[in-house]
Amino acid sequence: VQLQAYGGGLVQAGGSLTLSCVASGRTFASTMGWFRQTPGKEREFVAAVSWSGPRLYYADSLKGRFTISRDNAKNTVYLQMTNLKPEDTAVYYCALDTSRPVYTNSYYYTVPTTYDYWGQGTQVTVSS
């Protein structure tokens, strides 16, 4: 499995940006997520989406501003980010979990070690 993230860039505070992550390989029934990381800090959970349902998971602090979605036919997960703030500046990573069966406890999807595959990351910079 390979993940390729797109869509990062420089945006002014209050602006919007949509990230895409295209997965190739065996992705059927996988859960996909987004994390972000700034220098010197641990990777932080942003959002995740299950294959079917879909079930959506968000970091509490980002609910209402960030929206995750996926297109299974295109093997792509999206992260729509609105009302961006300078503190959203980070490298954003997409990730894929192939666990079977899927976790019923959403906590596991907020933990980086749950995920089996990671994309290369895309930089998002929000200027004030």
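Given the structure is predicted, the values throughout are model-derived calculations rather than measurements.
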Please check if the side chain of Thr125 supplies one atom and the backbone of Leu10 the other of a donor-acceptor pair under 3.5 Å.
no
Please confirm whether the backbone N or O of Pro54 pairs with a side-chain atom of Ser52, one donor and one acceptor, at under 3.5 Å?
no
Residues 73-89 vs side-chain hydrogen bond (donor to acceptor under 3.5 Å, both in side chains), sequence neighbours excluded, gives Thr27-Asn75, Arg36-Asp88, Arg65-Asp88
Looking only at heavy atoms, which two atoms of [X] and [Y] are closest? And how far apart?
X: Thr38; Y: Ala90; value: CG2-CB, 3.7 Å
X: Trp34; Y: Ser20; value: CH2-O, 3.7 Å
X: Ala13; Y: Ser128; value: CB-CA, 4.3 Å
X: Leu3; Y: Ala23; value: CD2-CB, 3.4 Å
X: Thr31; Y: Ala48; value: CG2-CB, 4.4 Å

Side-chain heavy atoms under 4.5 angstrom apart, residues restricted to Ile, Leu, Val, Met, Phe, Trp, Tyr: same cluster for [X] and [Y]?
X: Val11; Y: Val91; value: no
X: Val49; Y: Tyr117; value: yes
X: Val1; Y: Met32; value: yes

Results of ring pair (Phe, Tyr, Trp, His ring centres under 6.0 Å) for [X] - residues two or more places apart only:
X: Tyr107; answer: none
X: Phe45; answer: Phe35
X: Tyr57; answer: Tyr109

Measure the shortest side-chain to side-chain distance between [X] and [Y] over non-hydrogen atoms and say whether it is less than 4.5 angstrom.
X: Tyr58; Y: Thr67; result: yes
X: Met81; Y: Thr18; result: no
X: Val46; Y: Leu62; result: yes
X: Glu44; Y: Gln37; result: no

Distance from [X] atom [atom1] to [Y] atom [atom2], nearest 0.5 Å?
X: Tyr6; Y: Thr122; atom1: OH; atom2: OG1; result: 10.5 Å
X: Ser30; Y: Arg70; atom1: OG; atom2: CZ; result: 4.5 Å
X: Ser106; Y: Leu56; atom1: OG; atom2: CG; result: 11.5 Å

Does anything in residues 79-101 pair up under ring pair (Phe, Tyr, Trp, His ring centres under 6.0 Å), and if so which pairs, sequence neighbours excluded?
none
Please list, chain by chain and in numerical order, all residues satisfying side-chain contact (heavy atoms from CB on, under 4.5 Å) with Ser99, sequence neighbours excluded.
Asp97, Tyr103
Got more than 12 heavy atoms from elsewhere within 6.0 Å of CD, Gln2?
no
